[in-house]
Amino acid sequence: MDIVAAYGEVGTFRGAAEMCGTCHKTVRRVMDRHAAGATRPEPPVRRRNYEDVRQVVVKRVASTRGRITAKRLLPEAKAAGYVGSARNFRRLVSECKREWRRSQHGRRPAVWTPGETLIIDWGTEAGLHVFCAVSAWSRFRFVRFAAEEGQATTLRLLAECFEVLGGVPKIVLSDRMGCLKGGVVAGVVVPAPAYVRFATHYGFRPDFCEAADPESKGMVERLVGYAKSDLVVPQGLVAADLVSANRAAAAWCDEVNGVVHSEIAAVPADRLEVERPLLRPLPGLRPQIGQVVVRKVDKLSCVRFASGCYSVPNRLIGRRVRILAGDGRVKILDRDEIVADHPLVTPGEASVVDDHYGGPRAARRPVRPQTAAEKAFCALGPVAEAFIKGAAAAGVTKLSGELAEIVALEPAHGRAVLLAALERAVTFRRWRAADVRSILAAGAGAPQPTAAGEALVYPFPAVPTRSLDDYRAGELG
């Protein structure tokens, strides 16, 4: 417009060019374009060398919620065909991050109602699967460990959480756990049938977060991180001992629930006492969780589960029992009664309880004397049985003759002395009749062994003592 106004004022191309600081050719082109009614042409947009990988960057920025750096993303962009400089790529990442932040809208803070919402989630640390639940209003926290995150385990720990709370909330909020959802239709999660039956039994409504929206359950996300950093790592808990880990988790929950919460400025355990009357009452019985395994008790009064063998009372031989496994334990039920509780064993091993068979196991292969000499020797008592087993283990081939010679020593020495000699022979592993005769010949002069650790007391004679003053030399004159 300056050129057009200058030309209208002076009427010459060169005069207008002088006034506007340009050449007369430019003034001519502008005036011709103005006379034709055309507008100023837009300069062509220069295509940046990073446009081919823009969608890759946009996707990675969105998936990492704007936290990925250009340095970490550059190798992936080069693999996708980017050939520009790192400096230019940083401009692209910065631009994509600004666009992503502008697309994020502010959140409205949640207003929690007592007895309404319980939030649950899983985490993993050092091979341990951490189940966390927190009551939204009271901030009462519940943490337990498991070996896996299956549906039966999740529902079992959720039932245990209800028992610790002393009631059932109206809503249980979780993320889209694969073990709890049966499918997704138009963005709406359809709960799994077993989860619906469980919720119906306890009387709560299952609810799920939106996809890729961890902020909606940030309360339990913080609890998962807190349990990892303050419980699992400091105490060195491992997945091999779930019983001890869960015992430590229960003690940790009692500790953190008994101190003032920084956000609500109150003790969660005290707030739970206020919230508990508003919770639904617990049902009379726990629901049947997971698939029940039915086994028939065999002739050994045992059942097999996961290639392991577990004993049950022998009165149940031939009957069918139910098996429930969890937390490293195997519980065996006859109707609704727990008749056996075993630790989970590895495949091929067995867990046997002596009480299921009427007492401790009897000794195998008891001594059964046949000849008269054997019967006379075994009549000496348990020491005679120990002597026979020890001699047999030592390979004494002519043991029958040795027994007859030992029995013949009783009239000469007496039963009590002979039994003491046999005990000494067993102690020192002497299995011949000649050895027993040598022990009898030694009599009381044979040294008696004393158990290690006991002091030997010798009665030393008492002697009169004199003062050291009696030995002092007299003063020199």
Side-chain angles (χ1 to χ4, degrees), residues 1-2 20-23 25-26 29-30 33 38-110 119 121-130 132 149 174-178 181 184 186-187 189 208-234 236-239 262-263:
M1 295 304 297
D2 293 339
C20 296
T22 182
C23 69
K25 296 180 180 180
T26 301
R29 285 194 300 269
V30 171
R33 190 167 58 244
T39 60
R40 182 178 180 181
E42 294 293 333
V45 179
R46 186 177 62 177
R47 191 174 186 275
R48 302 290 183 180
N49 60 356
Y50 50 66
E51 292 299 332
D52 293 337
V53 295
R54 176 180 289 273
Q55 293 303 319
V56 176
V57 176
V58 169
K59 182 178 179 181
R60 294 287 285 133
V61 167
S63 63
T64 59
R65 307 192 64 79
R67 294 186 177 275
I68 194 168
T69 62
K71 181 180 178 180
R72 185 63 59 87
L73 190 53
L74 182 58
E76 184 175 345
K78 288 183 176 181
Y82 177 69
V83 294
S85 65
R87 181 179 180 181
N88 210 26
F89 185 73
R90 285 196 295 269
R91 294 191 182 98
L92 172 64
V93 175
S94 179
E95 179 184 342
C96 293
K97 285 185 177 182
R98 284 195 301 268
E99 293 177 356
W100 179 84
R101 293 190 186 99
R102 283 195 296 266
S103 66
Q104 302 301 306
H105 302 288
R107 288 184 172 272
R108 180 180 178 180
I119 311 174
D121 196 13
W122 280 100
T124 306
E125 180 68 26
L128 275 173
H129 296 271
V130 189
C132 297
E149 300 178 9
S174 67
D175 60 3
R176 303 189 172 197
M177 299 181 185
K181 70 177 182 180
V184 180
V189 179
F208 297 88
C209 298
E210 293 293 333
D213 188 24
E215 288 86 353
S216 57
K217 57 181 182 65
M219 189 182 300
V220 74
E221 293 280 357
R222 288 192 296 269
L223 176 58
V224 172
Y226 186 29
K228 292 178 181 179
S229 61
D230 195 61
L231 174 61
V232 179
V233 175
L237 303 180
V238 293
S262 61
E263 186 173 349

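- In this structure, CG on Asp175 lies 11.0 Å from CD1 on Ile119, to the nearest 0.5 angstrom.
- Residues Glu125 and Leu237 are not in side-chain contact: their nearest non-hydrogen atoms beyond the backbone lie 4.5 Å or more apart.
- Closest heavy-atom contact between Val53 and Ala77: CG1-O, 3.8 Å.
- Between Glu95 and Arg98, no side-chain nitrogen of the basic residue sits less than 4.0 Å from a carboxylate oxygen of the acidic one, so the salt-bridge criterion is not met.
- Evaluation of the side-chain contact (heavy atoms from CB on, under 4.5 Å) rule for Ser63 yields Arg60 as partners, not counting sequence neighbours.
- Here the closest non-hydrogen pair linking Val130 and Ala227 is CG1-CB, 4.4 Å.
- In terms of modelled atom types and a separation under 3.5 Å, the side chain of Arg176 and the main chain of Glu210 share no donor-acceptor contact.
- No donor-acceptor pair closer than 3.5 Å links the side chain of Lys228 to the backbone N or O of Val233.
- Taking the side-chain contact (heavy atoms from CB on, under 4.5 Å) definition, one finds that Arg87 meets it with Ser85, Arg90, Arg91, sequence neighbours left out.
- Scanning both residues, Val224 and Cys132, for their nearest heavy atoms gives CG2-SG, 3.7 Å.
- For residues 58-92, the pairs satisfying ring pair (Phe, Tyr, Trp, His ring centres under 6.0 Å) are Tyr82-Phe89, with sequence neighbours left out.
- Nearest heavy atoms, Ala80 versus Val56: CB-CG2, 4.4 Å.
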*Between Val61 and Arg101, is a side-chain contact (heavy atoms from CB on, under 4.5 Å) present by the stated rule, with each step listed?*
CA-CA 10 Å; Val61 167; Arg101 293 190 186 99; over 6 Å; no
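- The line from CZ of Arg29 to OG1 of Thr22 is 8.0 Å long, rounded to the nearest 0.5 Å.
- Going from atom OG of Ser94 over to atom CD of Glu99 covers 10.0 Å, rounded to the nearest 0.5 Å.
- Going from atom CZ of Arg47 over to atom CG of Asp52 covers 4.5 Å, rounded to the nearest 0.5 Å.
- Remark: the backbone N or O of Ile68 is paired with a side-chain donor or acceptor of Lys97 at under 3.5 angstrom.
- Of the charged side-chain nitrogens involved, none lies within less than 4.0 Å of a carboxylate oxygen, so that Arg222 and Asp121 do not count as a salt-bridged pair.
- Atom CZ of residue Arg67 and atom OG1 of residue Thr69 lie 12.5 Å apart, to the nearest 0.5 angstrom.
- Nearest heavy atoms, Ser174 versus Met177: CB-CE, 4.1 Å.
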